[in-house]
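Heads up, the thing below is written out as structure tokens.
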Amino acid sequence: MPVLNHNLQHLFTIAQKPERLAIGLMSGTSLDGLDIALCRFSGHGMATKFQLLEFTTVPYQNDFKADIHQLFAKKTVDLEKLCLLNAYIGSFHAQLILKMLKQWNVAPASVDFIASHGQTIYHAPQRLHGLAGYPNATLQIGDGDHIAVKTGILTISDFRQKHIAAGGEGAPLALYGDVIFGSQSGENRILLNIGGIANLTWLPGNGNTNQIICCDTGPGNTLIDAACRKYFDKPYDEDSKIALSGTVNDNLLQALLADPFFKAKAPKTTGPELFSLDYLAKAQQQSGTIEIPPQDIVATLSAFTVQSIVSFVNDNGMQSAQRILISGGGAKNRFIVDRLTKALAPAIISNTDYLGIDPDAKEAILFALLGNEALVGEPLIIGNNPAVLMGKFSFAG
Ligand SMILES: Nc1ncnc2c1ncn2[C@@H]1O[C@H](COP(=O)(O)OP(=O)(O)OP(=O)(O)O)[C@@H](O)[C@H]1O
Ligand SMILES: CC(=O)N[C@H]1[C@@H]2OC[C@@H](O2)[C@@H](O)[C@@H]1O[C@H](C)C(=O)O
């Protein structure tokens with residue numbers, strides 16, 4: 001009788017454990033660093049129990065960022081560079097994991113699995129590429145085999161392709177975590193992540209899963225960061241000091257809000273492929289605001305993030321939200337949070353600490369959760385969203 005090879009036996013053993021120790025990895029569109037979350041899971045689906053044991057963001061060095069920027073959101077790239085970085089990012093992420101495990105005094109052999117998002121370098125829903133006959137598409141690099149072999153830990157990666165194969169756009173996958181961690185009977189909630197791109201999940205308190213919406217709303221910090229790099233030689237607008245020193249230019253704001261993305265029906269996704277400095281330049285040209293001071297540009301881009309979120313909430317009948325829980329780096333942007341609080345009152349706005357989830361760690365925890373689901377879960381049926389288990393398995397040996 002054929003026997004399972006050692007990899008499949010290992011998989012079987014992990015899946016049968018009452019608890020699993022997992023590492024979730026997220027490297028987002030802001031390219032600020034690698035988020036590493038060490039979590040313990042038991043159960044699956046709506047009965048998932050999790051504990052965040054350790055979390056860190058390992059900042060990327062400038063030369064690494066520059067390497068990725070050669071590919072990031074670019075229509076034309078050096079194919080050799082793409083090939084090299086796919087392997088390099090996998091090995092590099094493995095090195096960072098081993099370094100952090102050592103620091104945390106955790107033996108790699110005690111970790112059951114790593115769930116790795118990889119680095120998105122291009123996100124192309126049909127709405128963006130507009131090419132007849134081609135599907136929604138997205139590309140994350142940093143191959144899981146390199147992580148598995150270098151760390152010796154089973155690695156689950158490349159979560160977004162299955163979502164597309166099953167009819168989605170490959171994002172936002174936040175849906176599957178937000179429903180599990182954020183739902184509260186009797187309270188209408190919005191979980192809002194403001195990373196490079198902003199996305200939200202609407203969780204109605206009536207428990208009707210057909211009414212749940214999860215969608216990108218537009219830019220989060222991506223344009224603000226790009227303007228800070230260009231005009232102030234700063235990676236981002238720390239504590240929104242620049243935005244608070246500027247004035248919102250209403251003509252520019254209206255031009256920024258004019259893209260058909262904002263009229264398209266949910267669910268929809270986007271990325272820095274659309275919301276780039278070219279997008280800003282076009283809006284400035286159309287609104288005759290090329291000469292406005294850089295701090296006004298940053299203030300207006302910050303107001304753009306706020307307004308696109310507020311319009312999405314209002315256009316999709318979510319005004320009855322009672323609680324809004326923010327995560328992502330944008331939760332630290334006072335300009336954005338203060339304006340959202342005013343515009344979305346009387347909803348109570350705080351961050352995902354309310355759920356016991358560190359707002360910076362939320363997306364890394366999400367991928368750990370998706371890895372746990374890939375091992376022991378069942379597809380979650382949430383309205384018309386793809387009901388699939390995502391992720392590809394890479395074995396260490
Ligand atoms: N103190 C702060 N003040 C203002 N903005 C901040 C602060 N700290 C972080 N940010 C913003 O948050 C960004 C990083 O956010 P985050 O790590 O959530 O993004 P990401 O995960 O890369 O994005 P995405 O979720 O789109 O993939 C920074 O680039 C910066 O714009
Ligand atoms: C293609 C891609 O990497 N998309 C990211 C990005 O960052 C925020 C937003 O755009 C979201 O759609 C998604 O990430 C999160 C983790 C998600 O899928 O929910």
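No experiment lies behind these values; they were computed from the predicted model shown. Whatever order the structure lists them in is the order used to number ligands and atoms, beginning at 1.
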Hey, which atoms in ligand 2 end up nearer than 4.0 Å to a heavy atom of H117?
3 (O)
Taking atom 19 (O) of ligand 1 as the reference point, the nearest protein heavy atom with its distance
S30 OG, 3.0 Å
Honestly, for L173 the part within reach of ligand 2 (heavy atoms, under 4.0 Å) is both
So for N193 against ligand 1, with non-hydrogen atoms under 4.0 Å, the contacting part is side chain
How about Y236 and S30: does a side-chain donor come under 3.5 Å of a side-chain acceptor?
no
When you look for heavy atoms under 4.0 Å from ligand 2, do you find them on the side chain of I197, its backbone, both, or neither?
both
of all protein heavy atoms, closest to atom 16 (P) of ligand 1 is G329 N, 3.7 Å
Would you please say whether a donor-acceptor pair under 3.5 Å links the side chains of T289 and S287?
yes
Among I224, L34, D32, which one has a heavy atom closest to atom 17 (O) of ligand 1?
D32
Check whether any N or O atom of T138, backbone or side chain, sits under 3.5 Å from an N or O atom of ligand 2, and answer yes or no.
no
Can you find an N or O of R160 that's nearer than 3.5 Å to an N or O of ligand 2?
yes
Tell me which part of T29 gets within contact of ligand 1: side chain, backbone, both or neither, using heavy atoms under 4.0 Å.
both
Mind checking whether T120 has an N or O less than 3.5 Å away from an N or O of ligand 2?
yes
May I ask you to check if ligand 1 and G328 share an N or O to N or O distance below 3.5 Å?
no
Should A174 be counted as touching ligand 2, given the test is an N or O pair under 3.5 Å?
yes
Compute the shortest N/O to N/O distance between D239 and ligand 1 and return yes if it is under 3.5 Å, no if not.
yes
